[in-house]
Student: 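Have a look at this one.
In what follows, residues are counted from 1 in the order of the sequence shown. For the numbers below, each heavy atom of this structure counts, side chains included, while hydrogens, waters and symmetry mates do not. Everything numeric here is computed off the predicted structure, so don't read it as measured data.
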Amino acid sequence: MNEEQMTQEERDDILINGAFEKLLNDYTASRHRKKVDLITKAFNFARQAHKGVRRLSGEPYILHPIAVAQIACSEIGLGSTSICSALLHDVVEDTDYTVEDIENMFGPKIAQIVDGLTKISGGIFGEQASAQAENFKKLLLTMSEDIRVILIKICDRLHNMRTLDSQPANKQYKIAGETLYLYAPLANRLGLYKIKSELENLSFKFEHPDEYNAIEAKLQSTRAQRDELFNQFTAPIEDALHQMGIKYEIKERVKSPYSIWNKMQNKHVTFEEIYDILAVRIIFTPRIREEEVNECFNIYVAVSKIYKSHPDRLRDWLSHPKANGYQALHVTLMSKQGRWIEVQIRSDRMDEIAEQGFAAHWKYKDGVEEEYTEDENELNDWLHTIKEILDDPQPDAMDFLDTIKLNLFASEIFVFTPKGEIRTLPAGCTALDFAFSVHTFLGSHCIGAKVNHKLVPLSHKLHSGDQVEILTSKSQHVSPSWINFVSTAKAKAKIQAILRRDNRESRRKGEEILSEFLQRHNRELTPAIADRLAEFHEYPKRAEFYQAIGEKVVILGEKDIDELNGKSKGEESTKGWRKLVRFVAKKRKEDLPKQELFVVPEKFNRKKPIYISEENITQYKFPSCCHPIPGDDALGYITNKNQVEIHKRACPVAAKLKTSYGNRILDIKWDMHKKLYFDATIRLGGIDRLGLLNEVTQVISAQLNVNIHTVNFTCEDGIFDGSIELRVHDRDDVKAIISSLKKIPDLKEISQIM
């Protein structure tokens with residue numbers, strides 16, 4: 001029977017059986033105990049449960065669980081428990097089967113993992129921010145019970161990202177934003193470097209397709225040049241390693257498109273100005289496993305004899321691995337072509353842990369089944385911190401997520417206690433962060449610190465190798481300003497919890513003071529009276545008014561009784577008049593846009609893009625956070641008032657919106673015809689000389705006929721830095737201006753400010 005004569009069902013069967021066969025082959029080739037029967041049983045059960053269901057792409061649904069199990073098996077190296085859980089992960093959510101059914105057929109462990117995955121299904125976030133925080137808490141709680149829950153969830157997200165093409169654009173932005181905001185940092189924290197990079201790249205590809213394609217094209221066009229540099233650079237290193245009798249492999253590591261784009265944005269540089277696109281990885285098999293750290297240093301000594309090393313760029317993660325388990329020795333060497341090249345030296349075991357994360361630890365233990373063991377200390381420390389935050393979470397969902405993210409993104413430094421014990425903290429942390437990491441009492445009573453025996457303030461930033469002694473006082477108390485300079489999740493969570501407790505106490509005290517004050521004037525405290533006095537003192541909420549009284553910010557007096565009796569005059573009446581004027585002005589300001597703003601109807605098709613043209617542009621809100629202009633990769637967000645805000649897709653505010661309120665995201669297309677002008681600011685930097693500013697203005701005004709709105713330049717020691725605000729039609733105008741300015745000699749840095 002040829003393919004044309006086959007039924008759809010027969011074609012599906014070939015596809016499904018082929019995918020499952022590959023999964024079994026990869027599993028049997030691994031070092032795990034061979035529980036093929038259990039995996040086959042899970043596959044048959046899931047296949048029957050999802051029978052007849054298709055994904056948006058049109059393929060049979062069962063291919064998704066198989067793909068998730070394949071990633072868990074091949075890319076993270078998990079065993080039968082995880083593979084079965086991956087195959088069954090959508091059964092409870094999408095079919096009539098229950099967790100009890102799973103437990104009866106596959107045992108309590110697989111049922112527990114499937115239950116954990118079901119609780120956090122459908123993306124972490126629901127419609128409400130509170131539901132979102134609750135779901136994220138569930139994710140972290142189940143994760144601390146069994147780390148495989150989050151590992152399989154990451155596999156699930158990776159496969160969804162790989163097949164995101166079939167989704168409408170607004171859903172793509174939601175899923176990509178959520179991935180970049182939470183899943184990529186989670187993967188990184190669990191040591192899944194390869195998966196983290198792919199998640200970032202796929203998010204970047206769907207959010208900024210033009211930039212992604214442009215960087216991919218440039219990487220492709222410079223490939224031959226990179227290969228030549230790699231071959232010339234590694235040839236003498238290979239000779240040296242041969243002479244040492246080391247069994248090794250040298251790999252080329254090329255920076256990912258997302259990392260390149262990120263660096264271009266943060267450092268305001270072009271693709272051509274990024275010099276660390278190429279790195280070299282030396283992966284060796286140690287003669288004796290216990291001697292692998294010494295062998296790393298021996299290789300370092302050998303390559304340092306060939307090339308000059310950068311004195312400030314040696315990174316030793318051998319003695320003190322990163323919190324996600326990463327171990328390696330990084331050294332930056334000067335090539336014969338005059339380029340600094342980073343060389344990463346690691347053993348095959350370290351390489352596997354770098355690629356597959358904590359899961360790879362299991363391969364190097366006596367038991368080959370993937371049971372989670374309790375000796376991954378750094379991971380357990382991190383999970384302990386997460387549990388502490390969960391015990392006292394912030395009431396605001398976004399604050400809660402931001403606090404968690406502080407722990408996800410942080411790179412580490414190592415500091416010492418006065419007794420010489422090592423503590424790992426996020427880079428950029430302060431003496432106060434260190435105090436809270438030791439104990440909450442120490443943090444809340446901290447008045448300063450001695451760093452390397454020198455007295456420093458609480459806000460002093462720590463560096464690797466610092467020895468820190470915390471100074472305390474019983475009279476010291478947590479101040480609201482502390483929240484501005486701590487950077488660790490633990491410190492932020494503890495300070496906010498203490499402040500909330502203090503605020504509650506101040507509000508209770510304030511309410512008592514107000515009640516006693518009113519009783520002295522033969523009045524009783526009622527909500528109406530409290531609200532009236534709160535408005536009189538210009539506090540929008542009663543609770544804030546109570547707190548102000550409790551903290552002695554507001555002192556109650558005769559004026560308050562006059563206000564209640566309707567006799568307020570003099571300064572108070574003027575204050576009331578000022579309030580009225582302010583209210584009227586505010587009302588007038590809001591009136592005009594309200595008549596024009598587009599209100600999203602109830603049965604609005606959110607999958608279709610909104611086209612913005614000269615005719616309807618005033619119907620949408622353009623917040624000041626990112627100043628989107630025509631040609632920018634943009635998205636729409638439906639506000640609580642059902643109006644539409646326009647944001648750049650790369651805007652930090654949009655990143656949170658995509659994660660929290662994905663169902664309110666809209667796809668935006670520009671349909672502009674260069675009739676309107678928009679503000680754009682270009683930053684310039686370079687070497688100062690006579691007539692340079694004149695050349696810049698000539699290019700912009702005379703050659704390109706662009707209107708300059710504001711010029712701001714400063715010069716110090718022959719180096720100038722400045723910005724020019726222009727009136728442009730769209731992003732293409734900005735690109736043309738930057739391209740023309742690059743031709744001016746001595747202009748070294750040109751970029752657009754968001």
Side-chain angles (χ1 to χ4, degrees), residues 23 32 35 38-51 53 61-62 64-73 76 78-128 130-160 178 182-183 186-187 190 192 358-359 362 369-374 379-380 383-384 386-387 389-391 393 404:
L23 171 64
H32 291 292
K35 295 187 179 178
L38 185 68
I39 292 172
T40 307
K41 182 182 173 185
F43 162 67
N44 288 328
F45 183 77
R47 185 178 190 172
Q48 190 57 41
H50 295 300
K51 194 173 176 66
V53 182
Y61 193 87
I62 186 63
H64 169 64
I66 295 171
V68 174
Q70 181 73 54
I71 294 167
C73 173
I76 303 186
L78 301 176
S80 60
T81 305
S82 301
I83 291 169
C84 289
S85 303
L87 287 167
L88 300 165
H89 81 272
D90 278 334
V91 166
V92 174
E93 189 198 356
D94 294 345
T95 73
D96 294 332
Y97 289 106
T98 63
V99 175
E100 287 73 28
D101 295 330
I102 302 290
E103 186 169 352
N104 290 336
M105 293 190 72
F106 299 97
K109 180 49 72 179
I110 290 173
Q112 182 196 350
I113 296 172
V114 171
D115 187 34
L117 288 160
T118 305
K119 284 175 182 168
I120 52 170
S121 61
I124 284 179
F125 307 116
E127 194 164 327
Q128 302 300 318
S130 58
Q132 161 218 43
E134 280 307 313
N135 277 334
F136 194 47
K137 277 183 246 173
K138 283 178 193 168
L139 169 95
L140 294 167
L141 285 167
T142 49
M143 169 177 156
S144 53
E145 285 166 15
D146 195 317
I147 200 71
R148 286 172 292 196
V149 173
I150 191 60
L151 290 173
I152 297 165
K153 190 65 193 167
I154 287 169
C155 297
D156 179 40
R157 177 49 57 113
L158 179 57
H159 185 247
N160 283 335
E178 197 176 274
L182 282 168
Y183 282 95
L186 267 174
L190 296 169
L192 305 167
F358 279 104
W362 299 321
E369 172 61 357
E370 94 287 6
E371 285 305 314
Y372 172 53
T373 53
E374 285 297 320
L379 180 59
N380 285 328
L383 291 175
H384 180 69
I386 296 292
K387 277 181 177 174
I389 296 164
L390 290 169
D391 288 340
I404 295 290

Student: Which heavy atom of Ile152 sits nearest to which heavy atom of Ser85, and what is that distance?
Tutor: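 So the minimum-distance heavy-atom pair works out to CD1-CB, 3.7 Å.
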Student: Mind running side chain to side chain contact (heavy atoms under 4.5 Å, CB included) on Leu38 and Ile110 for me, showing each step along the way?
Tutor: CA-CA 11 Å; Leu38 185 68; Ile110 290 173; 4.2 Å; yes
Student: Using 0.5 Å steps for rounding, measure from the CD1 atom of Ile150 to the CZ atom of Arg157.
Tutor: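 Nearest 0.5 Å value for the CD1-CZ distance: 10.0 Å.
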Student: Would you give the length of the straight line joining atom NZ of Lys41 to atom CD1 of Ile39, rounded to the nearest 0.5 angstrom?
Tutor: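 Rounded to the nearest 0.5 Å, the NZ-CD1 separation comes to 13.0 Å.
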Student: Working to the nearest 0.5 angstrom, can you tell me the gap between Ile113 CD1 and Arg148 CZ?
Tutor: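 So the gap between those two atoms works out to 4.0 Å.
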Student: Walk me through whether Ile76 and Cys155 qualify under side chain to side chain contact (heavy atoms under 4.5 Å, CB included).
Tutor: CA-CA 9 Å; Ile76 303 186; Cys155 297; 3.5 Å; yes
Student: Please round to the nearest 0.5 Å and tell me the distance separating atom OG of Ser82 and atom NE2 of His89.
Tutor: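 Answer for the OG-NE2 pair, Ser82 versus His89, is 13.0 Å.
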Student: Of all residues at least two apart in sequence or in a different chain, which pass the side chain to side chain donor-acceptor pair (under 3.5 Å) check with His159?
Tutor: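 Scan of His159 (side chain to side chain donor-acceptor pair (under 3.5 Å), adjacent residues dropped) gives His64.
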Student: Heavy atoms, side chains only, cut-off 4.5 Å: are Val114 and Val99 in contact?
Tutor: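 When only atoms from C-beta onward are counted, Val99 and Val114 do not touch, as no gap falls below 4.5 Å.
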Student: Atom NZ of Lys153 and atom CG of Leu158: how far apart are they, to the nearest 0.5 Å?
Tutor: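 Lys153 atom NZ to Leu158 atom CG measures 12.5 Å (nearest 0.5 Å).
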Student: Evaluate Asp94 against Val53 for side chain to side chain contact (heavy atoms under 4.5 Å, CB included), listing each step before the verdict.
Tutor: CA-CA 10 Å; Asp94 294 345; Val53 182; over 6 Å; no
Student: To the nearest 0.5 Å, what is the distance between CG on Asp115 and CD1 on Ile102?
Tutor: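 Here the rounded value is 10.0 Å.
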Student: Of all residues at least two apart in sequence or in a different chain, which pass the ring pair (Phe, Tyr, Trp, His ring centres under 6.0 Å) check with Phe106?
Tutor: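 Phe106 satisfies ring pair (Phe, Tyr, Trp, His ring centres under 6.0 Å) with Phe45 only.
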Student: Considering only heavy atoms from C-beta outward, does the side chain of Ile62 approach that of Lys51 to under 4.5 Å?
Tutor: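 No; the side chains remain at least 4.5 Å from each other.
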Student: Got a sec, which residues hit side chain to side chain donor-acceptor pair (under 3.5 Å) with Glu100, two or more places apart in sequence or on another chain?
Tutor: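 Per chain and number, Glu100 pairs via side chain to side chain donor-acceptor pair (under 3.5 Å) with Thr98.
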Student: Indicate the atoms forming the closest heavy-atom contact of Ala49 with Thr95, along with that distance.
Tutor: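 Looks like O-CG2, 3.4 Å.
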Student: Do Leu88 and Tyr97 make a side-chain contact, defined as non-hydrogen atoms from C-beta onward lying under 4.5 Å apart?
Tutor: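 Sidechains of Tyr97 and Leu88: no contact.
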Student: Just wondering, do Asp101 and Asp96 contact through their side chains at under 4.5 Å, heavy atoms?
Tutor: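 No, their side chains stay 4.5 Å or more apart.
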